[in-house]
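First the structure, in the form of structure tokens, and then the observations on it.
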Amino acid sequence: MPPDETVRSMVLWFPDWPVTALAREGAIDPSAPVAVFERNEVVACSASARADGVRRGQRRRDAQARCPRLTVIPADAMRDHRVFAPAVARIEERAPGVQIVRAGLCVLKARGPARYYGGELEAAIVLLESLSDLGIETARAGIADGPFTAEQAARAGTRPDDPVRVVPSGAAADFLAPLPVALLDDASLGGGPEFTGLLARLGVQTLGEFAALEADRVRERFGERGIRLHALAGGRDPRLVDPRTPPPELHREVAFEPPLEIADQVAFGMRVAADEFIAKLGAIDLVCTELRVELTGDRGERSERVWLHPGSFDAPAIVDRVRWQLGEDAEGLRSGVSVVRISPEAVDAASHHAPAIFGAGPEERVHHALSRVQAMLGHRGVLTPVIGGGRWLAERQVLVPWGDRVVLKKERSRPWPGSLPDPLPASVFAKPPVVDVLSSMGGPVAVDERGRVLAHPAQLIEGGRRRAIEQWAGPWPISERGWDAARARRAHRFQVVDADGVAWLLVCEDGGWTAEARYD
């Protein structure tokens with residue numbers, strides 16, 4: 001094809017797809033004011049938020065000032081693509097050869113569908129109706145010479161009763177001429193804010209004005225990038241539609257009729273599906289490292305979870321995860337299980353998980369031993385320790401089931417005023433024992449409201465044994481949740497060394513003493 005010849009293209013655009021994806025997953029109320037943010041800027045918003053003045057590209061502060069009840073949600077490209085995949089699959093059922101530009105925007109050649117359905121307009125209507133069957137009513141279609149012009153046509157057709165905009169062949173330049181030059185401010189096109197900003201300072205405000213410039217002058221000032229954008233502004237889009245290769249169907253789904261209520265029965269029914277799942281991955285030299293298990297109850301309730309594996313999943317490990325999910329989410333599934341779906345969330349090359357010629361040594365043996373024990377005892381039968389964040393030593397000890405992703409409620413990297421610096425004690429008491437700290441006169445040692453020690457610690461009574469305190473340091477205050485009277489906590493830490501040379505970490509709180517840890 002000559003480089004200047006454009007391809008008749010059809011673009012399907014889904015306005016504010018990140019918000020639509022959230023609504024389709026049930027994470028938000030679509031009628032509520034919601035905005036999705038990336039790098040502190042609005043990338044999508046709901047209709048009610050837009051009615052209050054929220055716009056794409058606004059800073060978070062400005063958006064919340066216009067809509068104080070705005071729900072702020074961070075962008076998640078994986079979620080957007082995951083929810084977009086069924087829509088693309090539905091389009092490919094009617095017209096194969098879809099290129100995904102990004103989640104919420106796809107393009108395909110218009111010639112084939114137009115011939116099959118009797119015209120470009122008719123083909124677009126068929127595709128939009130097929131999406132409507134999925135519950136997607138907001139899609140728009142644009143047909144023009146080249147993907148760039150077709151995308152602008154789709155964005156221009158914003159009327160719900162007229163969602164298709166067709167730009168006749170050869171009329172791309174006239175259609176683009178009145179549009180603002182800021183449309184070239186797209187990294188995928190090769191433009192950028194500095195490029196469009198420079199054009200605006202030169203007095204070029206529309207695509208038509210930019211296209212009217214001499215190509216040689218554009219090349220002298222902007223180079224080859226400017227020439228490419230100059231061609232787009234004039235309706236000459238040499239880019240080809242690069243259709244994706246649909247991924248193989250790797251998921252497996254098992255329906256139970258009648259629904260099963262016993263976890264062992266469901267697990268037994270998944271054995272053949274798990275073997276087929278692993279065989280499909282093995283046929284294309286892949287292994288599953290993250291597994292998504294979706295359970296659907298007879299009454300429509302759902303349980304969905306992503307499971308990890310220290311190595312890669314085999315069929316028995318998949319069956320175990322289904323059984324464990326049934327046991328841990330008994331409240332979520334209040335009726336019998338009617339459908340179980342397993343799908344790979346993340347895959348890896350099988351060569352990366354092949355055993356070494358002489359084995360992997362102790363690591364492989366440890367992995368097999370722990371996985372076997374976990375299979376016998378259950379998901380939380382084997383736990384591994386992880387250090388988390390917090391002010392108290394006990395809450396920094398987090399136990400994670402073997403193979404699970406570490407998700408910390410309290411991040412270790414955050415500042416924790418009052419937390420204990422290194423070196424940390426070796427023995428941390430899960431339930432701190434109550435102790436008594438006495439002065440040389442035999443009276444209890446206390447700390448006043450200003451953090452002053454009212455008497456020097458001289459004796460420690462722990463477990464009925466009296467220990468003389470040789471050295472001590474402190475107090476170091478800890479203050480938590482001062483804004484919440486029910487959960488507020490204020491205490492003071494001390495380090496003491498007894499006559500036997502044993503160092504203790506003590507806590508004075510509300511006039512009482514406990515031993516938080518011991519330095520062994």
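Keep in mind the model is a prediction, meaning the values are calculated, not measured. Count residues from 1 along the sequence.
A centroid separation of 6.0 Å or more is found between the aromatic rings of Phe313 and Phe277.
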In sequence, state the C-alpha distance, the side-chain angles, and the governing distance for Arg305 and Arg321, and then conclude on side-chain contact (heavy atoms from CB on, under 4.5 Å). CA-CA 10 Å; Arg305 181 167 179 177; Arg321 267 59 177 186; over 6 Å; no
Could you walk me through whether Asp320 and Trp307 pass the side-chain contact (heavy atoms from CB on, under 4.5 Å) test, one step at a time? CA-CA 11 Å; Asp320 287 337; Trp307 296 88; over 6 Å; no
Given the rule in the salt bridge (charged side-chain N to carboxylate O under 4.0 Å, His left out) test, do Glu194 and Arg225 qualify, once you have shown the distances and angles that lead to the verdict? CA-CA 13 Å; Glu194 71 286 350; Arg225 179 182 68 160; 3.3 Å; yes
side-chain contact (heavy atoms from CB on, under 4.5 Å) between Arg396 and Trp416, worked out: CA-CA 11 Å; Arg396 296 186 64 182; Trp416 295 99; over 6 Å; no
Should Leu291 and His309 be marked as a side-chain contact (heavy atoms from CB on, under 4.5 Å) after you check the CA-CA gap, both sets of side-chain angles, and the distance that decides it? CA-CA 8 Å; Leu291 176 73; His309 196 281; over 6 Å; no
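Salt bridge Arg155/Glu151: present, at least one basic N to carboxylate O contact under 4.0 Å. Looking at Glu328 and Arg380, no side-chain N of the basic residue comes within less than 4.0 Å of a carboxylate O on the acidic one, giving no salt bridge. Electrostatic pairing of Arg487 and Asp484 counts as a salt bridge here, judged by a charged N lying under 4.0 Å from a carboxylate O. Salt-bridge formation is not detected for the pair Arg60/Glu41: no Lys NZ or Arg NE/NH1/NH2 atom is positioned less than 4.0 Å from an Asp or Glu carboxylate oxygen.
The closest donor-acceptor contact from the side chain of Ser48 to the backbone of Ser31 lies under 3.5 Å. For the pair Thr196 (side chain) and Val181 (backbone), a donor-acceptor distance under 3.5 Å is absent. Side-chain atoms of Ser46 come within 3.5 Å of backbone atoms of Val34 as a donor-acceptor pair (strictly under, hydrogens ignored). Between the Thr138 side chain and the Phe14 main chain, no donor and acceptor come within less than 3.5 Å of each other. Under the 3.5 Å distance criterion, the side-chain polar atoms of Arg8 are left unmatched by any main-chain donor or acceptor of Ala110. In terms of modelled atom types and a separation under 3.5 Å, the side chain of Ser9 and the main chain of Val7 share a donor-acceptor contact. Looking at Gln99, its side chain does come within 3.5 Å of a backbone N or O of Asp242 through a donor-acceptor pair. A donor-acceptor pair under 3.5 Å is absent between the side-chain atoms of Glu25 and the main chain of Val83, judged by distance alone. Between the side chain of Arg391 and the backbone N or O of Pro417, at least one donor-acceptor pair lies under 3.5 Å. The main-chain N or O of Arg94 is found under 3.5 Å from a side-chain atom of Tyr117 such that the two form a donor-acceptor pair.
The shortest distance between side-chain heavy atoms of Pro33 and Val54 does not fall below 4.5 Å. In this structure the side chain of Arg341 reaches within 4.5 angstrom of the side chain of His251, judged on heavy atoms. Residues Ser343 and Glu294 have side chains in contact (heavy-atom distance under 4.5 Å, counting atoms from C-beta outward). Side chains of Asp237 and Thr149 form no contact here, defined as non-hydrogen atoms less than 4.5 Å apart. Using a 4.5 Å heavy-atom threshold, the side chains of Ile284 and Leu250 count as touching. Here the side chains of Val204 and Leu198 are not in contact, with every heavy-atom distance at 4.5 Å or above. Within the 4.5 Å cutoff, the side chain of Val398 has no heavy atoms near those of the Pro385 side chain. Counting heavy atoms from C-beta on, the side chains of Asp348 and Ser312 never come closer than 4.5 Å.
Annotation: Leu383, atom CG; neighbour count of heavy atoms from other residues, nucleotides and ligands within 6.0 Å is above 12. Summarising the local packing, CE of Met376 is surrounded by more than 12 heavy atoms from other residues, nucleotides or ligands at distances under 6.0 Å. The environment of Arg481 atom CZ is dense: over 12 non-hydrogen atoms of other residues, nucleotides or ligands sit within 6.0 angstrom. More than 12 heavy atoms of other shown residues, nucleotides or ligands fall within 6.0 angstrom of atom CZ in Arg55. The 12-atom threshold is exceeded at CZ of Arg59, counting heavy atoms of other residues, nucleotides or ligands nearer than 6.0 Å. Within a 6.0 Å radius of CZ in Arg66, other residues, nucleotides and ligands contribute 12 heavy atoms or fewer.
Of the candidates Leu108, Ile143, Leu127, Leu108 is the only one forming a side chain to side chain contact (heavy atoms under 4.5 Å, CB included) with Pro113. A side chain to side chain contact (heavy atoms under 4.5 Å, CB included) with Leu12 holds for exactly one of Val107, Leu128, Leu105; it is Leu128. Checking each of Asp275, Val340, Val293 against Met270 for a side chain to side chain contact (heavy atoms under 4.5 Å, CB included) leaves exactly one that passes, namely Val340.
Listed here is the closest heavy atom pair of Ala49 and Leu70: CB-CD1, 3.8 Å. Between Gln205 and Ala200, the shortest heavy-atom contact is NE2-O, 3.4 Å. Smallest separation of non-hydrogen atoms from Val36 and Pro18: CG2-CB, 4.0 Å. Val98 and Cys106 get closest at one heavy-atom pair: CG1-CB, 3.7 Å. Between Pro86 and Leu134, the shortest heavy-atom contact is O-CD1, 3.8 Å. Nearest heavy-atom pair across Ser130 and Arg90 is O-NH1, 3.2 Å.
The ring pair (Phe, Tyr, Trp, His ring centres under 6.0 Å) test applied to Phe222 returns Phe195, not counting sequence neighbours.
Of the N and O atoms on the side chains of Gln325 and Ser303, at least one donor lies less than 3.5 Å from an acceptor on the other residue.
For the atom pair Lys280 NZ and Glu276 CD, the distance stands at 7.5 Å (nearest 0.5 Å). Asp145 contributes atom CG, which lies 4.5 Å from atom OG of Ser169 (distance to the nearest 0.5 angstrom). The distance from atom CZ of Arg252 to atom CD1 of Ile318, rounded to the nearest 0.5 Å, is 11.5 Å. From Asp298, atom CG reaches atom CG of Leu333 across 11.0 Å, with rounding to the nearest 0.5 Å. Taking OG of Ser335 as the start and CG of Leu260 as the end, the distance is 11.5 Å to the nearest 0.5 Å. Interatomic distance, CZ of Arg239 versus CZ of Phe148, reported as 8.0 Å (0.5 Å rounding).
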